[in-house]
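Before any comments, here is the structure.
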Amino acid sequence: MRILIADDHEVVRKGVRSLLESQDDQNITEASNGREAVDIASEMSPDLVVLDVTMPILDGLSAAKQIKKALPRVPIVILSIHNGPEMMRATQRAGADAFVTKSDLGSVLLKAVEAVMQGKTYFSESLG
């Protein structure tokens, strides 16, 4: 499975990568901002995109909209330190298939990925 991870914090990217690499047969590419994520997604046509909300140059929600427009069938998981009903609505408006708060990352990222790869949605319980 080809996965694109975009987060401006390298330690977060490496942590997400480590979690996802615990699954078999992963080909993971990383981006450090939203513009880079959009460009890489259009080149590699990933099977899954994981985006942070707050990134330089182009934020994750804007990147998600652009990626969904170009690749409508690619599932997108949004990560953020922000939570709450407004963030969930913004995530859904951006076309994301899942939202995981960074505080829940270790315990639910793989559940969210599994859900979106089965054509379902997943929104972190922390959203309230």
Side-chain angles (χ1 to χ4, degrees):
M1 179 163 62
R2 294 177 316 275
I3 301 171
L4 172 59
I5 301 168
D7 195 298
D8 57 321
H9 293 97
E10 183 178 9
V11 70
V12 175
R13 285 195 316 269
K14 299 300 181 198
V16 170
R17 181 182 196 116
S18 178
L19 285 168
L20 295 173
E21 284 178 336
S22 69
Q23 306 302 299
D24 293 332
D25 198 26
Q26 308 300 347
N27 178 3
I28 299 175
T29 302
E30 297 179 20
S32 60
N33 64 65
R35 170 60 44 219
E36 193 176 67
V38 171
D39 293 344
I40 291 171
S42 67
E43 291 172 16
M44 75 179 276
S45 191
D47 299 307
L48 173 70
V49 176
V50 180
L51 297 170
D52 180 30
V53 168
T54 308
M55 291 188 289
I57 303 175
L58 185 68
D59 68 84
L61 296 177
S62 298
K65 287 177 186 175
Q66 291 183 27
I67 292 169
K68 273 295 187 179
K69 185 175 181 183
L71 303 164
R73 295 185 181 193
V74 174
I76 297 176
V77 177
I78 295 285
L79 307 176
S80 181
I81 59 169
H82 308 289
N83 61 18
E86 182 51 41
M87 179 54 68
M88 182 174 68
R89 286 189 292 275
T91 301
Q92 290 171 324
R93 282 192 306 267
D97 302 281
F99 178 88
V100 176
T101 61
K102 287 186 176 179
S103 61
D104 292 339
L105 193 57
S107 62
V108 300
L109 180 62
L110 295 179
K111 290 179 194 173
V113 168
E114 182 179 336
V116 300
M117 295 312 295
Q118 293 174 1
K120 301 175 186 173
T121 60
Y122 186 97
F123 292 89
S124 185
E125 293 174 14
S126 294
L127 289 171

[Y] side chain reached by [X] side chain, heavy atoms, under 4.5 Å:
X: Ile3; Y: Pro46; value: no
X: Leu58; Y: Gln66; value: yes
X: Ile67; Y: Val38; value: yes

| task | Tell me, please, which residues at least two apart from Glu30 pass side chain to side chain donor-acceptor pair (under 3.5 Å). | result | Arg13, Lys14, Arg17
Donor-acceptor contact below 3.5 Å, side chain [X] vs main chain [Y]:
X: Asp97; Y: Ile76; answer: yes
X: Asp47; Y: Arg2; answer: yes
X: Lys68; Y: Ala63; answer: no

Please give me the minimum heavy-atom distance between [X] and [Y], naming the atom from each residue.
X: Ala98; Y: Thr91; value: O-CG2, 4.0 Å
X: Phe123; Y: Ala96; value: CZ-O, 4.2 Å
X: Gly106; Y: Leu19; value: CA-CD1, 4.1 Å
X: Phe99; Y: His82; value: CZ-O, 3.2 Å
X: Ser22; Y: Leu110; value: OG-CD1, 3.9 Å

| said: Could you work out, with side-chain contact (heavy atoms from CB on, under 4.5 Å) as the rule, every residue matching Lys102, not counting sequence neighbours? | reply: Asp7, Val12, Asp52, Leu79, Ile81
| Does the pair Met44 and Ile40 meet the rule for a side-chain contact (heavy atoms from CB on, under 4.5 Å), with working shown? | CA-CA 6 Å; Met44 75 179 276; Ile40 291 171; 3.6 Å; yes
| message | Can you tell whether the side chains of Lys111 and Glu114 come within less than 4.0 Å, N to carboxylate O? | response | no
